[in-house]
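The structure under discussion appears below in the form of structure tokens.
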Amino acid sequence: MTQNELHFGVIVGIDHYPALGDLSTARSDAIRFRDWLADPHYGNLPTQNIITVDASQSETSLMDVLPTQRQVNSAMLAVQHEMELAVDGDAGRWGQTRLYVFVAGHGIVPNGGGGALVMADATPELLGYHVDLCKYLDWYRINAVFREVVVFADCCRVVLDNITAGAPPFPTQKSERRISTILGYASMPGGVALGDVSASRGVFTSALVQALSGDAADDNGEITYESLEDCVQDYLVAETAVVGSQLQRADFDATGRTCVVARVVPVRQPRDIRLLFKTPFSGLARLIHGNGDEEPFIVDDTMVPMTLPPGLYKVEAIGRSVPFRHDGGFRVFARQGSGDVEL
């Protein structure tokens with residue numbers, strides 16, 4: 001398979017915050033997304049096209065801790081320069097360019113921004129040390145540096161009206177070109193980004209990587225913005241129910257021409273699941289597949305085992321109305337998540 005030589009990535013994962021308190025899953029999340037980018041079956045980027053910004057380990061002092069805004073901005077400029085060298089003014093090749101940005105760490109929503117990664121050298125009095133993803137996306141839209149920009153942020157979004165969102169320090173050269181962008185935050189404004197500390201993984205990153213690895217693909221292996229968002233949201237519902245925590249809902253946005261996020265080999269290996277009926281119910285029901293196919297089955301217990309390939313499904317009672325959870329809709333995931341479906 002030919003590599004996506006005009007696709008580039010900047011990866012930032014920060015666990016160590018000397019003045020704000022350390023995290024435990026951000027760095028491993030960044031590595032997981034970097035591995036997805038470099039995997040020939042998925043992102044298929046040349047490894048030299050991916051910059052993973054250096055991040056300090058624990059016990060580094062506030063004066064020496066990395067990354068700072070300078071390191072992140074330098075990485076952004078470095079991949080831009082590499083792309084410009086590869087394109088060499090060819091409009092056709094520019095049309096094939098894409099930038100991926102993945103960040104994980106402490107997050108805020110500063111005044112005038114949409115959601116920012118807090119830098120490792122920030123303090124409670126210096127939360128202006130941040131990178132606001134919305135501000136950076138605005139800059140990419142105005143300057144049309146890449147044809148497509150895809151940004152994901154596994155961060156909390158603590159709203160701080162007394163902190164002003166910082167803009168990128170890069171010069172502006174307004175372009176008439178139009179680009180496409182996708183932005184995915186782990187949570188809504190004011191929300192938290194949950195992590196499974198025992199497994200060193202963020203719930204959003206797990207959902208994202210799983211969706212991008214095939215769960216969000218159609219039968220042709222194409223993952224669109226819409227299918228990616230739907231799959232991630234479904235995963236978050238299932239995963240937060242298992243963890244027993246508050247519901248985490250991701251926040252997605254897209255501009256410009258709808259693009260295919262990825263082309264992968266769709267995962268269709270059947271999985272053993274159990275339908276758990278929380279509402280007392282016995283009788284005849286139908287299972288509706290995502291393609292519209294239907295099959296009846298009998299419910300005579302609170303649990304019904306099934307073996308189903310990954311995809312979307314819906315359960316309906318036949319002959320009467322039963323208030324199933326989520327209107328009876330559920331998703332079977334290919335690799336992770338619980339095999340139990342509560343209805």
Side-chain angles (χ1 to χ4, degrees), residues 10-15 17 19-21 23-26 29-30 33 69 72 100-120 122-142 149-168 180-196 201-209 211 225-226 228-241 243-256 261 326:
V10 174
I11 310 297
V12 188
I14 307 175
D15 277 333
Y17 287 89
L20 298 178
L23 301 174
S24 58
T25 65
D29 286 341
F33 191 79
Q69 287 172 311
V72 175
Y100 289 96
V101 178
F102 177 91
V103 304
H106 281 307
I108 61 173
V109 182
N111 189 14
L117 173 70
V118 177
M119 294 293 98
T123 71
E125 297 78 25
L126 291 173
L127 290 174
Y129 293 170
H130 65 251
V131 170
D132 189 276
L133 287 315
C134 283
K135 288 290 188 181
Y136 277 67
L137 266 184
D138 287 343
W139 184 85
Y140 280 111
R141 291 189 194 102
I142 292 170
V149 182
V150 179
V151 179
F152 299 114
D154 198 342
C155 309
C156 296
R157 294 173 78 187
V158 180
V159 178
L160 297 177
D161 291 333
N162 60 340
I163 301 294
T164 301
S180 300
T181 66
I182 292 175
L183 173 61
Y185 284 110
S187 64
M188 305 299 289
V192 297
L194 301 173
D196 183 347
R201 63 182 180 91
V203 174
F204 173 76
T205 300
S206 293
L208 179 66
V209 171
Y225 162 74
E226 292 82 5
L228 176 64
E229 178 180 11
D230 288 346
C231 188
V232 168
Q233 301 288 23
D234 288 345
Y235 185 98
L236 291 179
V237 169
E239 188 71 5
T240 51
V243 173
S245 183
Q246 69 267 45
L247 176 63
Q248 177 178 335
R249 183 165 182 82
D251 188 7
F252 281 82
D253 186 44
T255 64
V261 182
H326 312 300

If only atom types and distance count, is the side chain of [X] paired as donor or acceptor with the main-chain N or O of [Y] below 3.5 Å?
X      : Y      : value
Asp15  : Ala26  : yes
His130 : Ala165 : no
Gln233 : Ala250 : yes
Gln248 : Ala186 : yes

Can you tell me how far [atom2] of [Y] sits from [atom1] of [X], rounded to the nearest 0.5 angstrom?
X      : Y      : atom1 : atom2 : result
Tyr17  : Thr123 : OH    : OG1   : 13.0 Å
Ser180 : Arg141 : OG    : CZ    : 10.0 Å
Glu125 : Ile163 : CD    : CD1   : 9.5 Å
Leu133 : Leu117 : CG    : CG    : 7.5 Å

Closest approach of [X] and [Y], non-hydrogen atoms and distance?
X      : Y      : result
Tyr235 : Ala207 : CD2-CB, 3.2 Å
Leu228 : Leu208 : CD1-CD1, 4.1 Å
Cys134 : Gly114 : SG-CA, 3.5 Å
His106 : Gly21  : NE2-O, 2.9 Å
Arg157 : Asp251 : NH1-OD2, 2.7 Å
Asp132 : Gly166 : CB-O, 4.2 Å

- Item | Test side-chain hydrogen bond (donor to acceptor under 3.5 Å, both in side chains) applied to Tyr185 - qualifying residues, sequence neighbours left out |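 If we apply the side-chain hydrogen bond (donor to acceptor under 3.5 Å, both in side chains) test to Tyr185, skipping adjacent residues, there are no hits.
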- Passing option when Val149 is tested against Leu137, Thr255, Leu183 for side chain to side chain contact (heavy atoms under 4.5 Å, CB included):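 It is Leu137, the one option of Leu137, Thr255, Leu183 that forms the side chain to side chain contact (heavy atoms under 4.5 Å, CB included) with Val149.
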- Task: Report the residue from Asp154, Val203, Thr25 that forms a side chain to side chain contact (heavy atoms under 4.5 Å, CB included) with Leu194.
- Result: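 Considering Asp154, Val203, Thr25, a side chain to side chain contact (heavy atoms under 4.5 Å, CB included) with Leu194 is found only for Val203.
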Can you find a heavy atom in the side chain of [X] that is under 4.5 Å from one in the side chain of [Y]?
X      : Y      : value
Val192 : Cys156 : yes
Val72  : Tyr136 : no
Leu23  : Ile14  : no
Asp29  : Phe204 : no

- Enclosure of Phe252 CZ (heavy-atom neighbours >12, cutoff 6.0 Å): yes
- Please indicate whether Arg249 has more than 12 foreign heavy atoms, meaning atoms of other residues, nucleotides or ligands, lying under 6.0 Å from its CZ. no
- Is any side-chain N of the basic residue among Asp138 and Lys135 closer than 4.0 Å to the acidic one's carboxylate O?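 No, no charged N to carboxylate O under 4.0 Å.
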